Asks: 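I am attaching a structure below and will ask some questions about it afterwards.
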Amino acid sequence: MLKGIQAVRGMNDILPAETPYWQQVEDAVREVVQAYGYEELRLPLLEKTELFKRTIGEVTDIVEKEMYTFDDRNGDSLTLRPEGTAGCVRAGIEHGLLYNQVQRFWYGGPMFRHERPQQGRYRQFHQIGVEAFGMAGPGIDVEHLLMTARIWRRLGLDGLSLQINSLGSTTARRAHRERLVNYLRGRSDELDDDSRRRLETNPLRILDSKNPAMRALIDGAPLFSEYLEEQSLNDFAAIKSALTDAGVAYSENPRLVRGLDYYNETVYEWVTDQLGAQGTVCAGGRYDGLVEQLGGKPTPGAGFALGLDRIVTLLQQAGDSLLLRGPRAYLALVGLQAEQYSLLFAERLRNRLPGLRLTVNCGGGSIKSQMKRADKSGADIALVLGDEEMQNKQIGVKFLRLDRQQERVDQDEIDRYLKQELTF
RNA sequence: GUGGACGUAGCUCAGUCGGUAGAGUCCCGGAUUGUGAUUCCGGUUGUCGCGGGUUCAAGCCCCGUCGUCCACCCCA
């Protein structure tokens with residue numbers, strides 16, 4: 001058994017016990033996103049490695065040690081996408097969709113990062129991404145935040161909190177970074193090992209350190225807010241007041257940093273404390289320089305990604321899935337004649353009641369075991385077809401979830417009967 | 001990449017001091033010749049993760065290895 005082939009580490013099978021939750025999340029997101037006029041894109045899972053190196057940042061952890069990269073047969077270096085924005089922008093430019101235009105896109109699917117798996121973090125994980133292009137000003141950021149808030153409402157998720165920050169323009173960011181590095185270098189004896197390493201790779205991340213011993217050092221560090229230009233300050237203020245007006249609670253986190261290099265101005269995360277160490281369920285922000293960086297003309301951009309695996313876990317923790325589904329019926333068979341007739345009978349019933357989820361017993365078994373299967377399938381009713389019913393052109397109807405007498409109904413009447421009794 | 005915990009039946013788990021591998025559940029049949037979920041009876045299910053070592057004897061002790069989970073790092 002254990003000698004058999006197992007799934008690749010960190011790449012999970014999603015089984016029938018879980019798929020209803022996935023469908024619920026995907027349906028809700030699709031519904032909301034379409035209600036805001038966003039259009040779907042379907043993008044490749046593989047891109048040229050160079051794309052991610054240039055957009056995410058050469059020295060980020062993702063590019064340095066987390067990408068699934070291999071050579072194609074012709075020698076091109078390809079990479080399984082570790083995130084979606086880069087591919088989306090690439091496609092937009094390649095097909096001329098971003099040239100002097102305003103666009104609202106969404107896409108979804110698996111992403112891949114070679115990290116050590118733990119709760120809420122897998123090597124193949126799933127995101128739905130939302131991206132908007134060609135819109136300067138804070139309006140589009142507010143639109144995205146309101147969309148995400150609506151998605152949580154639609155799913156019935158509470159307990160999520162919103163953190164926001166502004167990183168400022170690219171030039172302000174650079175100035176801040178320089179000051180920060182100087183500050184930290186001056187007190188490098190107070191840095192822990194991780195932070196000393198990050199000083200060279202990603203100094204902003206030091207602000208996010210979980211080590212309590214670093215608290216005092218971090219509290220004294222220069223903040224983004226001290227470097228924001230007037231435009232950034234105004235935009236950020238506009239976003240905050242719009243959130244207040246819309247009744248969306250938020251907290252400002254001056255140390256909130258995104259892991260990818262291309263972010264600027266407004267950034268945000270929706271977080272929960274119910275998922276262990278991996279509490280970010282949605283994150284996004286602005287990336288005004290990205291289109292130009294990939295060879296397009298300067299175009300504002302903004303977007304966010306939803307971590308579906310984590311949202312699904314939250315939904316499961318919240319309790320049973322309230323999927324609106326048609327009722328279930330299970331057709332049990334007694335005798336050869338009934339068995340031969342059953343599939344045809346079921347076809348006719350499905351024609352007349354497309355909303356009914358009808359399972360036909362196959363593979364024999366006693367009536368007793370067939371009834372057991374019916375019960376286990378979750379069916380609301382069992383339909384029984386045996387010699388007597390065949391003779392009388394009737395069918396037995398047994399209600400499995402109600403205290404109610406079993407009945408026999410004419411086969412010609414069964415669709416009308418079920419429609420009435422099951423109310424669908 | 002680093003650290004800790006854990007690997008026994010399809011699933012959840014027990015297994016004492018090293019002495020012949022266990023329970024519940026699930027599945028199948030019967031009690032009830034055509035009726036589930038309750039009850040009773042019977043039956044099927046094992047490379048104790050894998051490899052080596054110690055021992056008369058290893059699920060149990062030792063070493064290694066693989067896997068899972070959680071945390072660090074990082075991120076959705």
Side-chain angles (χ1 to χ4, degrees), chain A residues 1-10 12 15 17 56 60-66 82-85 108-130 148 192-195 197-198 201-202 205-206 208-211 257-260 268-272 275-284 303-314 330 332-335 338 361 363-390 396-403 405-406 408:
Chain A
M1 168 91 276
L2 287 166
K3 267 188 179 167
I5 297 172
Q6 291 173 272
V8 175
R9 161 178 272 196
N12 301 125
L15 303 177
I56 296 169
T60 56
D61 277 27
I62 293 178
V63 169
E64 276 186 339
K65 49 192 189 195
E66 294 175 1
E83 60 100 38
T85 304
M111 309 288 165
F112 303 84
R113 290 182 202 172
H114 191 102
E115 303 176 273
R116 191 84 160 246
Q118 71 185 73
Q119 182 177 124
R121 191 179 72 184
Y122 313 105
R123 290 185 174 180
Q124 175 173 331
F125 60 102
H126 302 80
Q127 289 187 339
I128 287 177
V130 170
T148 54
D192 60 18
D193 289 346
D194 277 333
S195 297
R197 180 177 53 77
R198 279 183 290 214
T201 56
N202 194 349
R205 271 280 157 201
I206 298 175
D208 234 3
S209 173
K210 287 178 192 165
N211 185 349
V257 172
R258 313 282 22 270
L260 300 91
Y268 49 88
E269 282 187 15
W270 285 92
V271 298
T272 174
L275 290 176
Q278 310 297 328
T280 304
V281 137
C282 168
F304 62 87
L306 297 158
L308 298 189
D309 308 75
R310 293 175 186 178
I311 295 170
V312 165
T313 305
L314 282 181
Y330 193 99
L333 309 164
V334 184
N361 186 77
S366 66
I367 181 70
K368 182 187 177 73
S369 67
Q370 292 187 50
M371 293 305 288
K372 275 188 167 183
R373 286 177 211 163
D375 183 47
K376 233 187 98 181
S377 78
D380 302 280
I381 57 166
L383 300 174
V384 181
L385 195 56
D387 296 335
E388 286 174 40
E389 287 85 354
M390 289 297 291
V397 180
K398 174 157 186 166
F399 293 81
L400 298 172
R401 314 291 160 202
L402 302 173
D403 186 16
Q405 195 67 37
Q406 182 167 339
R408 278 194 180 168

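To find a chain, count down the sequence lines: A is the first, B the second, and so on, and within it residues start at 1. Everything numeric here is computed off the predicted structure, so don't read it as measured data.
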Asks: Can any side-chain N or O of E83(A) pair as donor or acceptor with the backbone N or O of T85(A) at less than 3.5 Å?
Replies: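 It does hold such a pair.
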
Asks: Categorize Q119(A) for me: base, sugar-phosphate, or nothing, with a 4.0 angstrom heavy-atom threshold over every strand shown.
Replies: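 The answer is sugar-phosphate, as Q119(A) gets under 4.0 Å only of primed atoms, P, OP1 or OP2.
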
Asks: Over all strands shown, is E269(A) touching base, sugar-phosphate only, or nothing at heavy-atom distances under 4.0 angstrom?
Replies: nothing

Asks: Contact class for S366(A) (heavy atom, under 4.0 Å): base, sugar-phosphate, or nothing?
Replies: sugar-phosphate

Asks: Touch check for E83(A), heavy atoms < 4.0 angstrom, all strands: base, sugar-phosphate only, or nothing?
Replies: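 Result for E83(A) = nothing.
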
Asks: For the side chain of D375(A), counting heavy atoms from C-beta on, which of C72(B), A76(B), A37(B) is nearest?
Replies: A37(B)

Asks: Under a 3.5 Å cut-off on both pairing distances, which runs of 3 or more consecutive Watson-Crick or G-U pairs involve RNA chain B?
Replies: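 When the pairs of RNA chain B are grouped into runs of at least three, the stems are B:1-7 with B:66-72, B:10-13 with B:22-25, B:27-31 with B:39-43, B:49-53 with B:61-65.
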
Asks: Is V384(A) touching bases, backbone alone, or none of the nucleic acid, heavy atoms closer than 4.0 Å?
Replies: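 The residue V384(A) makes base contact.
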
Asks: Considering only atom P, compute the distance from U39(B) to G49(B) and round it to an integer number of Å.
Replies: 33 Å

Asks: By the 4.0 Å heavy-atom rule, please label K65(A) as base, sugar-phosphate, or nothing.
Replies: nothing

Asks: Ignoring backbone atoms, test whether K368(A) places a side-chain nitrogen or oxygen under 4.0 Å from the OP1 or OP2 oxygen of C28(B).
Replies: no

Asks: Would you say U68(B) has OP1 or OP2 under 4.0 Å from some side-chain N or O of R9(A)?
Replies: yes

Asks: So what does K372(A) touch, heavy atoms closer than 4.0 Å: a base, only the sugar-phosphate, or nothing?
Replies: sugar-phosphate

Asks: Measuring only between side-chain heavy atoms, which start at C-beta, is H114(A) closer than 4.5 Å to R9(A)?
Replies: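 No - every pair of side-chain heavy atoms lies 4.5 Å or more apart.
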
Asks: What contact category does G276(A) fall into here, base, sugar-phosphate, or nothing, at under 4.0 angstrom with non-hydrogen atoms?
Replies: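 Contact class for G276(A): sugar-phosphate only.
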
Asks: I'd like the P distance from U12(B) over to G53(B), given in whole Å.
Replies: 32 Å

Asks: Please measure how far the P atom in A23(B) lies from the corresponding atom in G29(B), and state the result in whole Å.
Replies: 23 Å

Asks: Using OP1 and OP2 only, check whether a side-chain N or O of Q118(A) sits under 4.0 Å from A71(B).
Replies: yes

Asks: Hey, is the main chain of V397(A) close enough, under 3.5 Å, to the side chain of R408(A) for a donor-acceptor pair?
Replies: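 Side chain of R408(A) to backbone of V397(A), a donor-acceptor pair under 3.5 Å: no, none is there.
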
Asks: Counting the atoms with a prime plus P, OP1 and OP2 as sugar-phosphate, which does A374(A) contact under 4.0 Å by heavy atoms, base, sugar-phosphate, or nothing?
Replies: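 Touches nothing.
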
Asks: For a quick check of understanding: with a heavy-atom distance under 4.0 Å over all strands, which category does E388(A) fall into, base, sugar-phosphate or nothing?
Replies: base

Asks: What does R258(A) touch in the nucleic acid at a heavy-atom separation under 4.0 angstrom: a base, only the sugar-phosphate, or nothing?
Replies: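 Touches sugar-phosphate only.
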
Asks: Just by distance, do the side chain of Q370(A) and the backbone of L333(A) share a donor-acceptor pair under 3.5 Å?
Replies: yes

Asks: When all nucleic acid strands are considered with a 4.0 Å heavy-atom cut-off, which category describes Y330(A): base, sugar-phosphate, or nothing?
Replies: nothing

